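Let me begin by presenting the structure, written as C-alpha cells, before commenting on it.
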Amino acid sequence: MRQDWEPEDLIEVWTLLEDDMKKVRNKSGATRLGFALLLKFFEVEARFPESAKEMPAAAVEYVAQQVKVPAGAWADSGERRRDRVRPYGR
C-alpha cells in the first residue's frame, strides 16, 4: 500500500460511501475507526494490512474525520478488527 496520497486521491479512494457508513454505524470509538479503515484497505488491496503501520497516515486522518473518532485510536486497535470485516469483503 502506498503511503503518499494526494488530497484528491484520498477523497476518491478513502471516502466512506453510504453502504460503508451503514456497516460502521453500529460501532463506536476505536472499533468504528478500525473497521472503516480495514474495510477501505481491503477494497483497495484485496487483503488486510500485515500491521497497523501499513495503513497510510493520511488515510487514517481522513477516515477518522469521517467517522468522528480521533485518529490515534487506530494505533491502539487496528489489527484486532480484521475478523469483523472479513464477511463484508466477500
Side-chain angles (χ1 to χ4, degrees):
M1 167 69 65
R2 71 184 215 221
Q3 295 297 307
D4 295 323
W5 290 80
E6 296 295 325
E8 48 282 342
D9 294 333
L10 275 175
I11 292 167
E12 182 179 332
V13 174
W14 293 93
T15 295
L16 295 168
L17 305 176
E18 185 177 338
D19 283 344
D20 300 330
M21 291 303 284
K22 287 178 185 177
K23 292 170 186 165
V24 302
R25 204 169 275 143
N26 67 338
K27 294 155 184 53
S28 63
T31 301
R32 177 181 280 190
L33 176 58
F35 187 95
L37 285 166
L38 290 173
L39 187 66
K40 296 309 279 188
F41 189 100
F42 190 85
E43 285 179 13
V44 174
E45 295 284 304
R47 66 177 180 86
F48 292 104
E50 293 183 20
S51 75
K53 294 175 185 171
E54 193 175 353
M55 191 67 68
V60 173
E61 290 288 336
Y62 181 63
V63 173
Q65 290 172 8
Q66 293 176 74
V67 297
K68 298 176 176 43
V69 174
W74 165 247
D76 299 332
S77 68
E79 294 185 40
R80 294 188 304 257
R81 307 296 172 231
R82 280 190 265 199
D83 291 335
R84 295 181 183 162
V85 175
R86 283 185 205 275
Y88 297 106
R90 293 184 181 149

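Being a predicted model, the structure only gives us computed values, none of them experimental. For this chain, numbers begin at 1 and follow the sequence in order. Atom set for the values below is all heavy atoms of this structure, side chains included, hydrogens, waters and symmetry mates excluded.
Applying the side-chain contact (heavy atoms from CB on, under 4.5 Å) test to R25 and every residue at least two apart in sequence or in another chain returns M21, K22. Applying the side chain to side chain donor-acceptor pair (under 3.5 Å) test to R2 and every residue at least two apart in sequence or in another chain returns D9.
Side-chain contact between W5 and W14 is present, with heavy atoms from C-beta onward closer than 4.5 Å. No side-chain heavy atom of L10 sits less than 4.5 Å from a side-chain heavy atom of P56. Side-chain contact between W74 and L38 is present, with heavy atoms from C-beta onward closer than 4.5 Å. For the pair K40/L16, a side-chain contact is recorded, criterion being any heavy-atom separation below 4.5 Å from C-beta on.
Annotation: F48 is in aromatic contact with F42 [ring centroid separation under 6.0 Å].
When all heavy atoms of A36 and V63 are compared, the closest pair comes out as CB-CG1, 3.7 Å. Pairing each heavy atom of P70 with each of L33, the nearest pair is O-CD2, 3.5 Å. Summarising the geometry of N26 relative to K23, their closest heavy-atom pair is OD1-O, 3.4 Å, with the distance given to 0.1 Å. Contact between Q3 and E54 at its shortest, heavy atoms only, is NE2-O, 2.9 Å.
R32 contributes atom CZ, which lies 9.0 Å from atom NZ of K68 (distance to the nearest 0.5 angstrom). Atom CG of residue D20 and atom CD of residue E43 lie 5.0 Å apart, to the nearest 0.5 angstrom.
Within 6.0 Å of CD in E8 there are more than 12 heavy atoms belonging to other residues, nucleotides or ligands.
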